[in-house]
Amino acid sequence: DAGITQSPRHKVTETGTPVTLRCHQTENHRYMYWYRQDPGHGLRLIHYSYGVKDTDKGEVSDGYSVSRSKTEDFLLTLESATSSQTSVYFCAISENVGTGAPGDTQYFGPGTRLTVL
Amino acid sequence: KNQVEQSPQSLIILEGKNCTLQCNYTVSPFSNLRWYKQDTGRGPVSLTIMTFSENTKSNGRYTATLDADTKQSSLHITASQLSDSASYICVVLGQAGTALIFGKGTTLSVSS
């Protein structure tokens with residue numbers, strides 16, 4: 001998985017509790033992304049980062065926040081988890097975006113399966 | 001609205017046979033198109049990435065084609081193997097700085 005780890009890999013939590021998912025990379029790639037994947041939907045972008053402390057919202061950012069204090073770590077926080085946030089969460093990294101070059105390729109982590117009861 | 005539509009939704013083929021998966025997109029302007037393979041329980045893995053000026057790109061038994069005029073792409077798998085059983089996802093990037101648009105994927109099952 002191209003030097004990307006996600007933790008935890010599985011988590012069960014209760015509605016209303018805060019949850020933080022961690023993505024760690026050893027590739028020194030500039031861009032990092034958080035996606036969620038649900039049945040019947042394609043991967044949907046939650047937030048992404050284009051550098052340390054530089055982040056922006058994706059299409060499904062409501063209820064999520066992120067932080068990137070170091071190049072290698074990108075955290076996703078659910079401030080107050082809801083059942084609709086039950087999903088599989090993927091972190092991805094890339095060197096570039098939009099150039100069409102191989103550096104555009106996104107590498108995905110193994111995923112975190114989150115269940116909110 | 002920028003969309004990526006894939007067909008068929010699922011496909012079952014016999015080992016050794018060829019198959020073709022389709023991707024139609026409405027993303028404009030267009031930067032590049034990618035095909036990913038996702039095994040069950042794992043993250044997607046990139047197979048090919050093509051810009052608007054490229055018509056075809058191969059990666060082993062996988063060959064992707066792109067027609068930017070009709071906004072269509074296909075992924076052809078030759079001599080399928082059991083390990084090809086996976087979901088294949090078409091992803092389109094619009095102009096630089098915009099988000100990737102993911103298709104919902106085609107689930108391929110290869111049986112012996």
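Model, not experiment: these values are computed from the prediction. Letters go in sequence order (proteins before strands), and every chain restarts at 1.
- For B:Q72, the CD atom sits in a packed shell: over 12 heavy atoms of surrounding residues, nucleotides or ligands are nearer than 6.0 Å.
- Here the straight-line distance linking atom CG of A:L43 with atom CD1 of B:I101 works out to 12.0 Å at 0.5 Å rounding.
- Heavy-atom distances place the side chain of B:Y36, and not its backbone, under 4.5 Å from chain A.
- By the neighbour-count criterion of 12 heavy atoms within 6.0 Å, atom CZ of B:F52 is sparsely surrounded, having that number or fewer from other residues, nucleotides or ligands.
- By the neighbour-count criterion of 12 heavy atoms within 6.0 Å, atom CZ of A:R44 is densely surrounded, having more than that number from other residues, nucleotides or ligands.
- Residues A:V60 and A:V116 share a single hydrophobic cluster, defined by chaining ILVMFWY side chains whose heavy atoms lie under 4.5 Å apart.
- Annotation: the span from B:L93 atom CG to A:Q106 atom CD amounts to 9.0 Å, rounded to 0.5 Å.
- Taking 4.5 Å as the limit, every side-chain heavy atom of A:Y48 sits out of range of all side-chain heavy atoms of B:L100.
- Of the two parts of B:Q9, neither the backbone nor the side chain holds a non-hydrogen atom closer than 4.5 Å to a non-hydrogen atom of chain A.
- Looking at A:Y33, neither its backbone nor its side chain comes within 4.5 Å of chain B, counting heavy atoms on both sides.
- Once rounded to the nearest 0.5 Å, the distance linking CZ of A:F90 with CD of B:Q38 reads 5.0 Å.
- Hydrophobic clustering, with ILVMFWY side chains joined whenever heavy atoms are under 4.5 angstrom apart, groups B:L82 together with B:I77.
- Tracing side-chain contacts under 4.5 Å through hydrophobic residues (I, L, V, M, F, W, Y), one reaches B:W35 starting from B:Y62; they form part of the same cluster.
- For A:Q37, the part lying near chain B is the side chain, with the backbone staying farther off; criterion is any non-hydrogen pair under 4.5 Å.
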